Novice: 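Sharing a structure with you now.
Here is the naming used below: chain letters follow the sequence lines, and residue numbers restart at 1 for every chain. This structure is a prediction, so every number in the text was calculated from the model and none was measured.
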2 protein chains.
Amino acid sequence: MDRELLLLGLLRRQEMHGYQLHEFINQNLASCVNLKKSTAYFLLDRMAEAGWMVETESQEGNRPPRRVYQLTPAGEAAFQRLLRANLAAHEPARFAGDIGLAFLDALPPAEARDCLLRRRAQLAADLEAAARIPEHAGSMQWVIDHLRHHLASELEWLDRVIAQITTSIESHDHEEEES
Amino acid sequence: MDRELLLLGLLRRQEMHGYQLHEFINQNLASCVNLKKSTAYFLLDRMAEAGWMVETESQEGNRPPRRVYQLTPAGEAAFQRLLRANLAAHEPARFAGDIGLAFLDALPPAEARDCLLRRRAQLAADLEAAARIPEHAGSMQWVIDHLRHHLASELEWLDRVIAQITTSIESHDHEEEES
DNA sequence: TCCTGACTAGTCAATATTGACTAATCAAAA
DNA sequence: TTTTGATTAGTCAATATTGACTAGTCAGGA
(Lines give C-alpha, C1' and ligand atoms only; values in the text may rest on other atoms or scores of the structure.)
Protein backbone atom coordinates (compact mmCIF):
# COMPACT_ATOMS: atom_id res chain seq x y z
CA MET A 1 0.00 0.00 0.00
CA ASP A 2 2.76 2.46 0.99
CA ARG A 3 4.77 1.68 -2.10
CA GLU A 4 1.77 2.54 -4.23
CA LEU A 5 1.50 5.85 -2.40
CA LEU A 6 5.13 6.56 -3.16
CA LEU A 7 4.78 5.83 -6.88
CA LEU A 8 1.58 7.85 -7.08
CA GLY A 9 3.16 10.77 -5.26
CA LEU A 10 6.14 10.88 -7.59
CA LEU A 11 4.04 10.58 -10.75
CA ARG A 12 1.82 13.34 -9.43
CA ARG A 13 4.66 15.86 -9.66
CA GLN A 14 5.63 14.78 -13.16
CA GLU A 15 5.07 11.83 -15.45
CA MET A 16 7.94 9.38 -15.48
CA HIS A 17 8.92 6.01 -16.88
CA GLY A 18 9.50 2.90 -14.80
CA TYR A 19 13.25 2.89 -14.76
CA GLN A 20 13.36 6.57 -13.76
CA LEU A 21 10.97 5.96 -10.85
CA HIS A 22 12.98 3.05 -9.55
CA GLU A 23 16.19 5.04 -9.90
CA PHE A 24 14.85 8.05 -8.03
CA ILE A 25 13.47 5.96 -5.18
CA ASN A 26 16.66 3.99 -4.63
CA GLN A 27 18.70 7.17 -4.75
CA ASN A 28 16.65 9.43 -2.52
CA LEU A 29 14.16 7.36 -0.59
CA ALA A 30 16.04 4.24 0.33
CA SER A 31 15.41 5.04 4.00
CA CYS A 32 11.65 4.57 3.55
CA VAL A 33 11.33 1.62 1.19
CA ASN A 34 13.38 -0.97 -0.54
CA LEU A 35 11.74 -1.28 -3.93
CA LYS A 36 13.29 -3.57 -6.53
CA LYS A 37 12.89 -2.79 -10.22
CA SER A 38 10.70 -5.80 -10.87
CA THR A 39 8.41 -4.89 -7.97
CA ALA A 40 8.10 -1.33 -9.26
CA TYR A 41 7.01 -2.55 -12.71
CA PHE A 42 4.58 -5.01 -11.14
CA LEU A 43 2.93 -2.29 -9.06
CA LEU A 44 2.83 0.19 -11.94
CA ASP A 45 1.16 -2.38 -14.20
CA ARG A 46 -1.38 -3.18 -11.54
CA MET A 47 -2.19 0.46 -10.90
CA ALA A 48 -2.53 1.04 -14.65
CA GLU A 49 -4.90 -1.95 -14.71
CA ALA A 50 -6.91 -0.33 -11.92
CA GLY A 51 -7.17 2.87 -13.95
CA TRP A 52 -5.02 4.93 -11.60
CA MET A 53 -2.58 5.78 -14.38
CA VAL A 54 -2.13 5.41 -18.13
CA GLU A 55 0.92 3.97 -19.90
CA THR A 56 2.30 5.52 -23.07
CA GLU A 57 5.10 4.07 -25.17
CA SER A 58 7.70 6.69 -25.94
CA GLN A 59 10.72 6.36 -28.22
CA GLU A 60 13.49 8.88 -27.63
CA GLY A 61 16.18 8.90 -30.34
CA ASN A 62 16.80 5.25 -31.06
CA ARG A 63 17.08 4.26 -27.41
CA PRO A 64 14.92 1.34 -26.31
CA PRO A 65 11.25 2.36 -26.06
CA ARG A 66 10.09 3.41 -22.59
CA ARG A 67 6.75 3.12 -20.85
CA VAL A 68 5.78 6.50 -19.46
CA TYR A 69 3.14 6.57 -16.76
CA GLN A 70 0.87 9.47 -15.95
CA LEU A 71 -1.74 9.87 -13.25
CA THR A 72 -5.47 9.85 -13.98
CA PRO A 73 -8.07 11.58 -11.77
CA ALA A 74 -8.78 8.16 -10.20
CA GLY A 75 -5.06 7.96 -9.39
CA GLU A 76 -5.14 11.38 -7.78
CA ALA A 77 -8.11 10.30 -5.66
CA ALA A 78 -6.27 7.15 -4.60
CA PHE A 79 -3.23 9.27 -3.73
CA GLN A 80 -5.29 11.55 -1.50
CA ARG A 81 -6.85 8.59 0.29
CA LEU A 82 -3.59 6.70 0.77
CA LEU A 83 -1.75 9.83 1.90
CA ARG A 84 -4.21 10.54 4.68
CA ALA A 85 -4.17 6.92 5.78
CA ASN A 86 -0.38 6.86 5.86
CA LEU A 87 -0.07 10.11 7.80
CA ALA A 88 -2.73 9.20 10.34
CA ALA A 89 -1.29 5.79 11.23
CA HIS A 90 1.83 4.95 13.19
CA GLU A 91 3.40 2.01 11.42
CA PRO A 92 5.85 0.56 13.96
CA ALA A 93 9.32 -0.14 12.57
CA ARG A 94 10.75 -3.65 12.84
CA PHE A 95 14.33 -4.02 13.97
CA ALA A 96 15.76 -7.18 12.51
CA GLY A 97 18.96 -6.37 14.37
CA ASP A 98 17.19 -6.98 17.68
CA ILE A 99 16.91 -10.68 16.96
CA GLY A 100 20.62 -11.08 17.54
CA LEU A 101 20.42 -9.05 20.74
CA ALA A 102 17.75 -11.38 22.07
CA PHE A 103 20.33 -14.17 21.96
CA LEU A 104 23.32 -12.13 23.02
CA ASP A 105 23.92 -14.37 26.03
CA ALA A 106 24.66 -17.28 23.70
CA LEU A 107 28.03 -15.66 22.97
CA PRO A 108 31.05 -15.05 25.25
CA PRO A 109 30.76 -11.35 26.23
CA ALA A 110 34.07 -10.39 24.62
CA GLU A 111 32.95 -11.81 21.30
CA ALA A 112 29.53 -10.21 21.58
CA ARG A 113 31.25 -6.89 22.14
CA ASP A 114 33.45 -7.35 19.06
CA CYS A 115 30.43 -7.99 16.88
CA LEU A 116 28.58 -4.99 18.25
CA LEU A 117 31.58 -2.75 17.71
CA ARG A 118 31.50 -3.70 14.05
CA ARG A 119 27.80 -2.89 14.00
CA ARG A 120 28.59 0.43 15.61
CA ALA A 121 31.13 1.28 12.93
CA GLN A 122 28.55 0.76 10.19
CA LEU A 123 25.95 2.76 12.06
CA ALA A 124 28.37 5.63 12.58
CA ALA A 125 29.23 5.58 8.87
CA ASP A 126 25.52 5.67 7.98
CA LEU A 127 25.04 8.61 10.31
CA GLU A 128 27.89 10.53 8.70
CA ALA A 129 26.52 9.75 5.25
CA ALA A 130 23.12 11.06 6.37
CA ALA A 131 24.75 14.22 7.65
CA ARG A 132 26.18 14.86 4.20
CA ILE A 133 22.91 14.49 2.25
CA PRO A 134 22.22 17.87 0.61
CA GLU A 135 19.04 19.81 1.41
CA HIS A 136 15.95 18.64 -0.42
CA ALA A 137 13.04 20.71 -1.59
CA GLY A 138 9.87 20.99 0.49
CA SER A 139 8.58 18.22 2.68
CA MET A 140 11.08 15.71 1.33
CA GLN A 141 13.39 17.33 3.87
CA TRP A 142 11.39 15.80 6.73
CA VAL A 143 12.45 12.36 5.58
CA ILE A 144 16.11 13.31 5.83
CA ASP A 145 15.63 14.94 9.23
CA HIS A 146 13.92 11.82 10.46
CA LEU A 147 16.71 9.61 9.20
CA ARG A 148 19.30 11.74 10.99
CA HIS A 149 17.32 11.87 14.22
CA HIS A 150 16.78 8.13 14.13
CA LEU A 151 20.39 7.20 13.40
CA ALA A 152 21.65 9.48 16.15
CA SER A 153 19.22 7.92 18.59
CA GLU A 154 20.28 4.44 17.53
CA LEU A 155 23.94 5.21 18.00
CA GLU A 156 23.26 6.56 21.48
CA TRP A 157 21.42 3.39 22.42
CA LEU A 158 23.96 1.03 20.91
CA ASP A 159 26.70 2.78 22.85
CA ARG A 160 24.80 2.14 26.05
CA VAL A 161 24.53 -1.55 25.20
CA ILE A 162 28.23 -1.79 24.42
CA ALA A 163 29.14 0.09 27.60
CA GLN A 164 27.15 -2.34 29.71
CA ILE A 165 28.74 -5.36 28.08
CA THR A 166 32.18 -3.83 28.57
CA THR A 167 31.41 -3.35 32.26
CA SER A 168 30.35 -6.97 32.57
CA ILE A 169 33.57 -8.10 30.88
CA GLU A 170 35.65 -6.03 33.29
CA SER A 171 33.89 -7.30 36.40
CA HIS A 172 34.37 -10.83 35.06
CA ASP A 173 38.08 -10.11 34.64
CA HIS A 174 38.29 -8.97 38.27
CA GLU A 175 36.70 -12.21 39.43
CA GLU A 176 39.29 -14.12 37.39
CA GLU A 177 42.07 -12.11 39.02
CA GLU A 178 40.78 -12.76 42.52
CA SER A 179 40.30 -16.51 42.05
CA MET B 1 17.77 -14.98 7.17
CA ASP B 2 16.93 -13.16 10.42
CA ARG B 3 13.71 -15.07 10.81
CA GLU B 4 15.64 -18.32 10.60
CA LEU B 5 17.96 -17.05 13.33
CA LEU B 6 14.97 -16.31 15.52
CA LEU B 7 13.45 -19.76 15.10
CA LEU B 8 16.81 -21.44 15.65
CA GLY B 9 17.45 -19.37 18.77
CA LEU B 10 14.12 -20.28 20.31
CA LEU B 11 14.43 -23.97 19.49
CA ARG B 12 17.90 -23.92 20.98
CA ARG B 13 16.53 -23.17 24.44
CA GLN B 14 13.85 -25.87 24.20
CA GLU B 15 12.18 -27.93 21.52
CA MET B 16 8.82 -26.55 20.48
CA HIS B 17 6.07 -27.15 17.95
CA GLY B 18 5.18 -24.76 15.15
CA TYR B 19 2.14 -23.17 16.66
CA GLN B 20 3.95 -22.54 19.94
CA LEU B 21 6.85 -20.82 18.14
CA HIS B 22 4.54 -18.58 16.17
CA GLU B 23 2.59 -17.73 19.33
CA PHE B 24 5.69 -16.84 21.32
CA ILE B 25 7.11 -14.66 18.58
CA ASN B 26 3.93 -12.69 18.02
CA GLN B 27 3.50 -12.21 21.76
CA ASN B 28 7.01 -11.23 22.75
CA LEU B 29 8.98 -10.34 19.67
CA ALA B 30 6.53 -8.46 17.49
CA SER B 31 8.87 -5.46 17.60
CA CYS B 32 11.56 -7.38 15.69
CA VAL B 33 9.67 -9.40 13.12
CA ASN B 34 6.22 -9.91 11.75
CA LEU B 35 6.07 -13.62 11.15
CA LYS B 36 2.82 -15.16 9.97
CA LYS B 37 1.96 -18.71 10.88
CA SER B 38 2.24 -19.99 7.33
CA THR B 39 5.67 -18.38 6.94
CA ALA B 40 6.84 -19.96 10.17
CA TYR B 41 5.84 -23.43 8.97
CA PHE B 42 7.44 -22.80 5.59
CA LEU B 43 10.76 -21.82 7.18
CA LEU B 44 10.67 -24.68 9.68
CA ASP B 45 10.06 -27.20 6.91
CA ARG B 46 12.88 -25.77 4.87
CA MET B 47 15.31 -25.82 7.78
CA ALA B 48 14.30 -29.42 8.55
CA GLU B 49 14.97 -30.20 4.87
CA ALA B 50 18.41 -28.63 5.25
CA GLY B 51 19.11 -30.84 8.25
CA TRP B 52 19.15 -28.01 10.76
CA MET B 53 16.36 -29.61 12.81
CA VAL B 54 14.32 -32.79 13.02
CA GLU B 55 10.52 -33.00 13.14
CA THR B 56 8.72 -35.44 15.44
CA GLU B 57 4.98 -36.05 15.47
CA SER B 58 3.63 -35.91 19.00
CA GLN B 59 0.14 -36.71 20.19
CA GLU B 60 -0.82 -35.22 23.55
CA GLY B 61 -4.11 -36.57 24.96
CA ASN B 62 -6.48 -36.58 22.02
CA ARG B 63 -5.57 -33.10 20.85
CA PRO B 64 -4.59 -32.79 17.20
CA PRO B 65 -1.08 -34.16 16.55
CA ARG B 66 1.72 -31.59 16.67
CA ARG B 67 5.01 -31.39 14.86
CA VAL B 68 7.76 -30.82 17.39
CA TYR B 69 11.06 -29.47 16.08
CA GLN B 70 14.43 -29.91 17.74
CA LEU B 71 17.82 -28.57 16.75
CA THR B 72 20.56 -30.75 15.28
CA PRO B 73 24.30 -29.98 15.59
CA ALA B 74 24.12 -28.55 12.05
CA GLY B 75 21.33 -26.28 13.29
CA GLU B 76 23.44 -25.13 16.21
CA ALA B 77 26.29 -24.34 13.81
CA ALA B 78 23.94 -22.36 11.60
CA PHE B 79 22.67 -20.51 14.65
CA GLN B 80 26.20 -19.51 15.67
CA ARG B 81 26.99 -18.27 12.17
CA LEU B 82 23.76 -16.33 11.73
CA LEU B 83 23.97 -14.83 15.21
CA ARG B 84 27.42 -13.37 14.60
CA ALA B 85 26.36 -12.04 11.20
CA ASN B 86 23.26 -10.42 12.68
CA LEU B 87 25.12 -8.80 15.57
CA ALA B 88 27.95 -7.49 13.41
CA ALA B 89 25.73 -5.81 10.81
CA HIS B 90 23.65 -2.69 11.10
CA GLU B 91 20.43 -3.41 9.25
CA PRO B 92 18.88 0.03 8.67
CA ALA B 93 15.18 0.23 9.57
CA ARG B 94 12.69 1.35 6.91
CA PHE B 95 10.07 3.88 7.92
CA ALA B 96 7.01 3.39 5.76
CA GLY B 97 5.47 6.31 7.62
CA ASP B 98 8.01 8.64 6.02
CA ILE B 99 6.44 8.19 2.61
CA GLY B 100 3.47 10.25 3.71
CA LEU B 101 5.76 12.92 5.13
CA ALA B 102 7.53 13.24 1.80
CA PHE B 103 4.22 14.41 0.33
CA LEU B 104 3.05 16.44 3.30
CA ASP B 105 2.85 19.61 1.21
CA ALA B 106 0.12 18.04 -0.91
CA LEU B 107 -2.27 18.61 2.00
CA PRO B 108 -3.57 21.84 3.54
CA PRO B 109 -1.43 22.33 6.69
CA ALA B 110 -4.40 22.13 9.06
CA GLU B 111 -5.40 18.77 7.67
CA ALA B 112 -1.83 17.49 7.71
CA ARG B 113 -1.67 18.44 11.37
CA ASP B 114 -4.91 16.57 12.15
CA CYS B 115 -3.57 13.40 10.56
CA LEU B 116 -0.27 13.65 12.39
CA LEU B 117 -2.04 14.21 15.69
CA ARG B 118 -3.84 10.91 15.17
CA ARG B 119 -0.51 9.29 14.41
CA ARG B 120 0.87 10.80 17.59
CA ALA B 121 -1.96 9.33 19.66
CA GLN B 122 -1.16 5.84 18.40
CA LEU B 123 2.53 6.31 18.98
CA ALA B 124 1.94 7.54 22.53
CA ALA B 125 -0.29 4.53 23.19
CA ASP B 126 2.42 2.19 21.86
CA LEU B 127 4.97 3.87 24.12
CA GLU B 128 2.76 3.41 27.18
CA ALA B 129 2.18 -0.22 26.24
CA ALA B 130 5.94 -0.70 25.94
CA ALA B 131 6.42 0.88 29.36
CA ARG B 132 4.11 -1.73 30.87
CA ILE B 133 5.85 -4.81 29.40
CA PRO B 134 7.14 -6.85 32.35
CA GLU B 135 10.86 -7.59 32.76
CA HIS B 136 12.17 -10.41 30.61
CA ALA B 137 14.93 -12.84 31.43
CA GLY B 138 18.47 -12.29 30.20
CA SER B 139 19.29 -10.58 26.95
CA MET B 140 15.66 -10.57 25.80
CA GLN B 141 15.45 -7.45 27.97
CA TRP B 142 17.63 -5.56 25.48
CA VAL B 143 14.89 -5.87 22.89
CA ILE B 144 12.38 -4.24 25.22
CA ASP B 145 14.80 -1.48 26.18
CA HIS B 146 15.45 -0.81 22.51
CA LEU B 147 11.74 -0.62 21.75
CA ARG B 148 11.21 1.89 24.58
CA HIS B 149 14.18 3.99 23.56
CA HIS B 150 13.07 4.02 19.94
CA LEU B 151 9.44 4.89 20.63
CA ALA B 152 10.44 7.72 22.96
CA SER B 153 12.78 9.07 20.30
CA GLU B 154 10.07 8.83 17.67
CA LEU B 155 7.58 10.69 19.81
CA GLU B 156 10.09 13.46 20.43
CA TRP B 157 10.69 13.82 16.71
CA LEU B 158 7.03 13.68 15.73
CA ASP B 159 6.28 16.41 18.26
CA ARG B 160 8.88 18.59 16.59
CA VAL B 161 7.24 18.04 13.18
CA ILE B 162 3.80 18.84 14.55
CA ALA B 163 5.10 21.95 16.31
CA GLN B 164 6.60 23.26 13.10
CA ILE B 165 3.40 22.68 11.14
CA THR B 166 1.42 24.38 13.88
CA THR B 167 3.71 27.38 13.64
CA SER B 168 3.25 27.54 9.88
CA ILE B 169 -0.53 27.42 10.32
CA GLU B 170 -0.41 30.29 12.81
CA SER B 171 1.76 32.49 10.61
CA HIS B 172 -0.61 31.76 7.75
CA ASP B 173 -3.55 32.84 9.96
CA HIS B 174 -1.79 36.12 10.72
CA GLU B 175 -1.33 36.83 7.04
CA GLU B 176 -5.06 36.20 6.53
CA GLU B 177 -5.85 38.63 9.36
CA GLU B 178 -3.65 41.36 7.93
CA SER B 179 -5.06 41.11 4.39
C1' DT C 1 37.37 0.88 -36.19
C1' DC C 2 36.41 -2.47 -32.86
C1' DC C 3 36.26 -3.85 -28.15
C1' DT C 4 35.03 -3.33 -23.32
C1' DG C 5 32.48 -2.01 -19.58
C1' DA C 6 28.87 0.81 -17.80
C1' DC C 7 24.19 2.45 -18.33
C1' DT C 8 19.32 2.08 -19.82
C1' DA C 9 14.96 -0.46 -19.85
C1' DG C 10 12.43 -4.14 -19.03
C1' DT C 11 11.01 -9.50 -18.69
C1' DC C 12 10.19 -13.73 -16.44
C1' DA C 13 10.70 -17.97 -13.87
C1' DA C 14 11.70 -19.00 -9.21
C1' DT C 15 10.91 -17.82 -4.21
C1' DA C 16 8.76 -15.96 -0.37
C1' DT C 17 4.71 -14.49 2.05
C1' DT C 18 0.13 -14.26 3.04
C1' DG C 19 -5.01 -14.73 3.73
C1' DA C 20 -8.54 -17.72 3.98
C1' DC C 21 -9.69 -22.11 5.01
C1' DT C 22 -10.30 -26.86 7.70
C1' DA C 23 -11.00 -29.40 11.62
C1' DA C 24 -10.58 -30.70 16.13
C1' DT C 25 -10.99 -29.40 21.38
C1' DC C 26 -12.64 -27.02 25.22
C1' DA C 27 -15.33 -23.85 28.37
C1' DA C 28 -19.32 -22.00 29.56
C1' DA C 29 -23.82 -19.98 28.70
C1' DA C 30 -28.57 -20.78 27.20
C1' DT D 1 -27.31 -30.52 26.62
C1' DT D 2 -26.41 -28.48 22.58
C1' DT D 3 -24.87 -24.26 20.83
C1' DT D 4 -21.62 -20.65 20.61
C1' DG D 5 -17.28 -18.77 20.49
C1' DA D 6 -12.42 -19.08 21.59
C1' DT D 7 -8.20 -21.69 21.17
C1' DT D 8 -5.11 -25.08 19.04
C1' DA D 9 -2.74 -26.80 14.92
C1' DG D 10 -1.85 -26.79 10.45
C1' DT D 11 -2.75 -26.61 4.96
C1' DC D 12 -2.85 -24.58 0.53
C1' DA D 13 -3.96 -21.72 -3.39
C1' DA D 14 -3.28 -17.01 -4.45
C1' DT D 15 -0.18 -12.88 -4.20
C1' DA D 16 3.90 -10.46 -3.76
C1' DT D 17 8.82 -10.06 -4.31
C1' DT D 18 13.06 -11.06 -6.09
C1' DG D 19 17.33 -12.50 -8.69
C1' DA D 20 19.07 -13.48 -12.91
C1' DC D 21 18.57 -12.69 -17.45
C1' DT D 22 18.10 -10.20 -22.30
C1' DA D 23 19.13 -6.74 -25.39
C1' DG D 24 20.06 -2.38 -26.98
C1' DT D 25 23.08 2.26 -26.37
C1' DC D 26 26.85 4.92 -25.47
C1' DA D 27 31.61 6.64 -24.26
C1' DG D 28 36.28 6.06 -24.41
C1' DG D 29 40.59 3.55 -25.12
C1' DA D 30 43.53 0.35 -27.97
Novice: Would you mind reading off the distance between Asn34(B) atom CG and dT18(C) atom P, rounded to a whole angstrom?
Specialist: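 Spelled out: CG on Asn34(B) to P on dT18(C) is 6 Å.
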Novice: Per the side-chain contact (heavy atoms from CB on, under 4.5 Å) rule, which among His150(B), Arg148(B), His149(B) passes with Trp157(A)?
Specialist: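 Single pass found, and it is His149(B).
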Novice: Considering residues at least two apart in sequence or located in another chain, which fulfil the side chain to side chain donor-acceptor pair (under 3.5 Å) criterion with Gln164(B)?
Specialist: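 With neighbours one apart ignored, the set is empty.
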Novice: Can you check the Glu57(B) CD to dT11(D) C1' distance for me, whole Å?
Specialist: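 My rounded result for the distance is 13 Å.
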Novice: Check the pair Asn26(A), Lys37(A) against side chain to side chain contact (heavy atoms under 4.5 Å, CB included), reporting the backbone distance first and the verdict last.
Specialist: CA-CA 10 Å; Asn26(A) 272 34; Lys37(A) 242 184 324 154; over 6 Å; no
Novice: Just by distance, do the side chain of Arg94(B) and the backbone of Cys32(A) share a donor-acceptor pair under 3.5 Å?
Specialist: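 Flag not set: sc Arg94(B) to bb Cys32(A) has no pair under 3.5 Å.
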Novice: Under 4.0 Å from any atom of DNA chain D, heavy atoms only: list the residues of residues 5-31 of chain A that qualify, in numerical order.
Specialist: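 Within residues 5-31 of chain A, no residue comes under 4.0 Å of DNA chain D.
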Novice: Taking the six-membered ring for Trp, are Tyr69(A) and His17(A) closer than 6.0 Å centroid to centroid?
Specialist: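 For Tyr69(A) and His17(A), the ring centres are not under 6.0 Å apart.
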Novice: For Leu43(B), which of Leu35(B), Leu21(B), Leu8(B) qualifies under side-chain contact (heavy atoms from CB on, under 4.5 Å)?
Specialist: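 Considering Leu35(B), Leu21(B), Leu8(B), a side-chain contact (heavy atoms from CB on, under 4.5 Å) with Leu43(B) is found only for Leu35(B).
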Novice: Answer yes if Ile165(B) and Leu155(B) sit in the same cluster of Ile, Leu, Val, Met, Phe, Trp and Tyr residues linked by side chain heavy atoms under 4.5 Å apart, and no otherwise.
Specialist: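 Yes, Ile165(B) and Leu155(B) fall within the same hydrophobic cluster.
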Novice: Whole angstroms only, please: what is the CZ-C1' distance between Arg3(A) and dT15(D)?
Specialist: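 Spelled out: CZ on Arg3(A) to C1' on dT15(D) is 13 Å.
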Novice: Could you tell me whether Glu49(B) atom CD has more than 12 heavy atoms of other residues or ligands within 6.0 Å of it?
Specialist: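 Check fails, neighbour count at 12 or below.
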Novice: For DNA chain D, determine which residues of residues 35-51 of chain A have any heavy atom closer than 4.0 angstrom to one of its atoms, and list them numerically.
Specialist: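 DNA chain D contact set from residues 35-51 of chain A: Lys36(A), Ser38(A), Thr39(A), Phe42(A), Arg46(A).
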